[in-house]
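The structure under discussion appears below in the form of structure tokens.
This structure is a prediction, so every number in the text was calculated from the model and none was measured.
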Amino acid sequence: MMLLPLLAVVLGFLGLLWSADRFVGAAAATAYRAGMSTLLIGMTIVALGTSAPEIIVAIMASLDGTPDLATGNALGSNIANIGLVLGITALIVPVPVRFSIVRRELPLLLGATGLAGYALADGELGLFDALLLAALLIFSLWWLFKADGGNGDGDTQDGEIPDMALPRALAWLIATLILLVASSRLLVWGASEIASAFGVSELVIGLTVVAIGTSLPELGACVASALKRHHDIAIGNVIGSNLFNMLAVLPMPGLLAPGPVDAHAISRDYPTMLLLTLLLGSWLLWQRRGTLGRLPGALLVLIYVGYLGLLLQSSLTGA
């Protein structure tokens, strides 16, 4: 009976990874030809593309009546992006930190994280909470475009942004969006069936299986960008993706299936995400003209491994 759900999860992940990668390339190529800087592309287009799996999964999970899966996916993806994705990237290649990231993008991420905590604090994720988060998303996009000024920085980023004509890029965008929706539908169904069969909460499945799976595009994008020395896209992608997770993914349950939030999301998962976000912010402020090196990278990975151990213990004890 478990073979079909497992197959759905595997096929869903593969479809998400393949389509998200092409989506990022097509979107980045379109944006670059429009004159956007590579930093802004990393913060918006690439981050939105690599967050597309989380967004689509959140929509499907909410429509399917499993909003805890969507909430767990949003929080778990942010935890995985900092602890796993950025941690591993810094372990492979120390990532230089530009002061512009600290000055413009970090305050937005900290504000989004704080607003998400406010939305979850009462144990409910309702329409008003979702609209607040969406309003900050609109402001964040306006602020980033205004700060960037629409000026390209002259760096072609050939290794990250493919040379693609506009009609071909639009065709890829449509095709990959369709595949993203179909793949996420498979993933949500399979993950929900597995959670029911093993008696694991939808929140934990969202925090682990779904969050790690949907964070794989970020891991691939960041490691590849760091190895190619495209550091703006590498670190900007993590910050931008986490921003989208809080302001575009987390509101989905509130918009489509408003109701109570699993208590563990508030007492265990949000504090973990907040801790990692504040640690990242502290390091970026401290090294705002330096690098995010291997030591903080190792610490981030250790915190993430410890968090997974806590989730495993909670699942086994039912706490």
- Message: Test side-chain contact (heavy atoms from CB on, under 4.5 Å) on Leu131 and Leu255; report intermediate values, then the result.
- Response: CA-CA 8 Å; Leu131 292 177; Leu255 289 172; 4.3 Å; yes
- Item | Backbone N/O of Leu69 and side chain of Asn73: donor-acceptor pair under 3.5 Å | no
- Task: Rounded to the nearest 0.5 Å, what's the gap from OG on Ser77 to CD1 on Ile82? Could you check?
- Result: 11.5 Å
- Message: I'd like to know if Val10 and Phe13 are part of one continuous hydrophobic network [Ile/Leu/Val/Met/Phe/Trp/Tyr, side-chain heavy atoms within less than 4.5 Å].
- Response: no
- Query: Is there a path from Met246 to Tyr118 through hydrophobic residues (I, L, V, M, F, W, Y) whose side chains come within less than 4.5 Å of each other?
  - Reply: yes
- Message: Can you tell me how far apart CH2 (Trp283) and CG (Leu280) are? Round to the nearest 0.5 Å.
- Response: 8.0 Å
- Item | pair Leu311-Arg268: side-chain heavy atoms closer than 4.5 Å | yes
- Note on the structure: Closest non-hydrogen atoms of Ser241 and Asn81, given as atom of the first, atom of the second and distance, are OG-ND2, 3.3 Å
- Message: With heavy-atom distances below 4.5 Å as the criterion, would you say the side chains of Leu284 and Ile239 are in contact?
- Response: yes
- In Å and rounded to the nearest 0.5 Å, what is the CG to OG distance from Leu120 to Ser267? 11.5 Å
- Message: Whether the side chain of Asp129 engages the backbone of Gly126 through a donor-acceptor N/O pair (distance < 3.5 Å, no angle test) should be reported.
- Response: yes
- Query: Any idea which heavy atoms bring Leu243 and Ser140 closest together, and the distance?
  - Reply: CD2-CB, 4.1 Å
- Could you tell me whether a side-chain N or O of Asp64 sits under 3.5 Å from a main-chain N or O of Thr66, the two making a donor and an acceptor? no
- Flag if over 12 foreign heavy atoms under 6.0 Å of CG, Leu295: no
- side-chain contact (heavy atoms from CB on, under 4.5 Å) between Leu137 and Phe244, intermediate numbers included: CA-CA 7 Å; Leu137 174 63; Phe244 277 110; 3.9 Å; yes
- Any chain of hydrophobic side-chain contacts (each under 4.5 Å) joining Leu3 to Leu14? no
- Item | Side-chain H-bond candidate by donor/acceptor type, Tyr307 with Asp269, under 3.5 Å | yes
- Message: So Gln313 and Leu310, do their side chains get closer than 4.5 Å, heavy atoms only?
- Response: yes
- Note on the structure: Heavy-atom closest pair (Ala265 atom, Pro271 atom, distance to 0.1 Å) is O-CD, 4.4 Å
- Task: Rounded to the nearest 0.5 Å, what's the gap from CG on Leu207 to CG on Leu75? Could you check?
- Result: 6.5 Å
- Closest non-hydrogen atom pair, Leu91 against Gly297: CG-C, 4.1 Å
- Message: Keeping Arg294 on the side-chain end and Ile92 on the backbone end, is there a donor-acceptor pair under 3.5 Å?
- Response: yes
- Item | Member of Thr277, Thr272, Asn245 meeting the side chain to side chain donor-acceptor pair (under 3.5 Å) criterion with Asn78 | Asn245
- Message: Could you see if Leu300 belongs to whatever hydrophobic cluster contains Val305? Use Ile, Leu, Val, Met, Phe, Trp, Tyr and a side-chain cutoff under 4.5 Å.
- Response: yes
- Message: If you apply the rule side-chain contact (heavy atoms from CB on, under 4.5 Å), what do you find for Leu84 with Val301, and how did you get there?
- Response: CA-CA 5 Å; Leu84 184 66; Val301 173; 5.5 Å; no
- Query: Would you say Val9 and Ile194 make side-chain contact, with heavy atoms under 4.5 Å?
  - Reply: yes
- Item | Nearest-0.5 Å distance, CG of residue Leu247 to CD1 of residue Ile138 | 10.5 Å
- Task: Please report the C-alpha distance between Leu279 and Ile303 in whole Å, then the side-chain angles of each, then the deciding distance to 0.1 Å, and finally whether the side-chain contact (heavy atoms from CB on, under 4.5 Å) criterion is met.
- Result: CA-CA 11 Å; Leu279 276 177; Ile303 292 174; 3.5 Å; yes
- Message: Applying a strict under-4.5 Å side-chain criterion to I, L, V, M, F, W and Y, I'd like to know whether Leu186 and Ile59 cluster together.
- Response: no
- Message: Can you give me the closest heavy-atom contact between Leu179 and Trp18, atom names plus distance?
- Response: CD2-CE3, 3.5 Å
- Task: Run through Ile88, Ile212, Leu86 and flag the one making a side-chain contact (heavy atoms from CB on, under 4.5 Å) with Tyr304.
- Result: Ile212
- On a heavy-atom basis, the closest approach of Ala191 and Ile205 is CB-CG2, 3.6 Å
- Item | Point-to-point distance, once rounded to the nearest 0.5 Å, from CG of Leu4 to CG of Leu11 | 9.5 Å
- Is the backbone N or O of Thr113 less than 3.5 Å from a side-chain atom of Tyr270, with the two atoms forming a donor-acceptor pair by type? yes
